[in-house]
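We number each residue from 1, following the sequence as shown. All figures in this text were calculated on a predicted structure; none of them were measured in a lab.
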Amino acid sequence: MQNTNLPLKLAKPAERALTSAGITTIEQLTDWRESDLKKLHGMGPKAMGQLLAALQEKGLSFKE
């Protein structure tokens, strides 16, 4: 995936799920509820943990 700041070790199914939902940056995750992201096919617990850690690193969070 190019032009992204998503975690590098994100599993391919999770990467495809995010891309198909139009998400290519950590910042775009703030527009999504964690529960909605979990519903995307390919988004498992490991990927969600990686995304949460990446958000927290930037002082961001999922939409409430």
Side-chain angles (χ1 to χ4, degrees):
M1 191 186 294
Q2 295 180 356
N3 298 321
T4 181
N5 66 351
L6 294 172
L8 294 175
K9 296 186 185 238
L10 202 59
K12 294 297 178 198
E15 196 175 284
R16 286 191 294 270
L18 293 172
T19 301
S20 66
I23 301 168
T24 58
T25 68
I26 295 297
E27 293 77 15
Q28 289 171 316
L29 292 172
T30 62
D31 294 331
W32 285 73
R33 288 184 179 85
E34 187 173 0
S35 59
D36 291 333
L37 272 179
K38 286 180 181 178
K39 294 176 188 174
L40 297 177
H41 181 75
M43 294 304 298
K46 183 175 180 182
M48 291 302 298
Q50 290 173 311
L51 295 176
L52 182 58
L55 281 167
Q56 290 174 340
E57 200 173 283
K58 292 186 171 283
L60 302 172
S61 63
F62 291 112
K63 185 176 178 180
E64 293 298 320

Do [X] and [Y] have side chains that get closer than 4.5 Å, going by heavy atoms?
| X | Y | value |
| --- | --- | --- |
| L60 | L29 | no |
| T4 | L18 | no |
| M48 | L37 | yes |

Over all heavy atoms of both residues, which pair between S20 and A17 is shortest? Give the atoms and the distance, please.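 Of all heavy-atom pairs spanning S20 and A17, the closest is OG-O, 3.0 Å.
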
Exercise: identify the closest heavy-atom pair between L40 and A21: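 Residues L40 and A21, closest heavy atoms: CD1-CB, 4.1 Å.
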
Inter-residue atom distance I26.CD1 - Q56.CD, 0.5 Å rounding: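 So the CD1 of I26 and the CD of Q56 are separated by 11.5 Å.
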
Nearest 0.5 angstrom please: R16 CZ to M43 CE, how far?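 Reported value, rounded in 0.5 Å steps: 12.5 Å.
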
Could you list all the side chain to side chain donor-acceptor pair (under 3.5 Å) pairs where at least one residue sits in residues 25-45, not counting sequence neighbours?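 Applying side chain to side chain donor-acceptor pair (under 3.5 Å) to every pair that reaches into residues 25-45, excluding sequence neighbours, yields N5-E27, T24-Q28, T25-Q28.
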
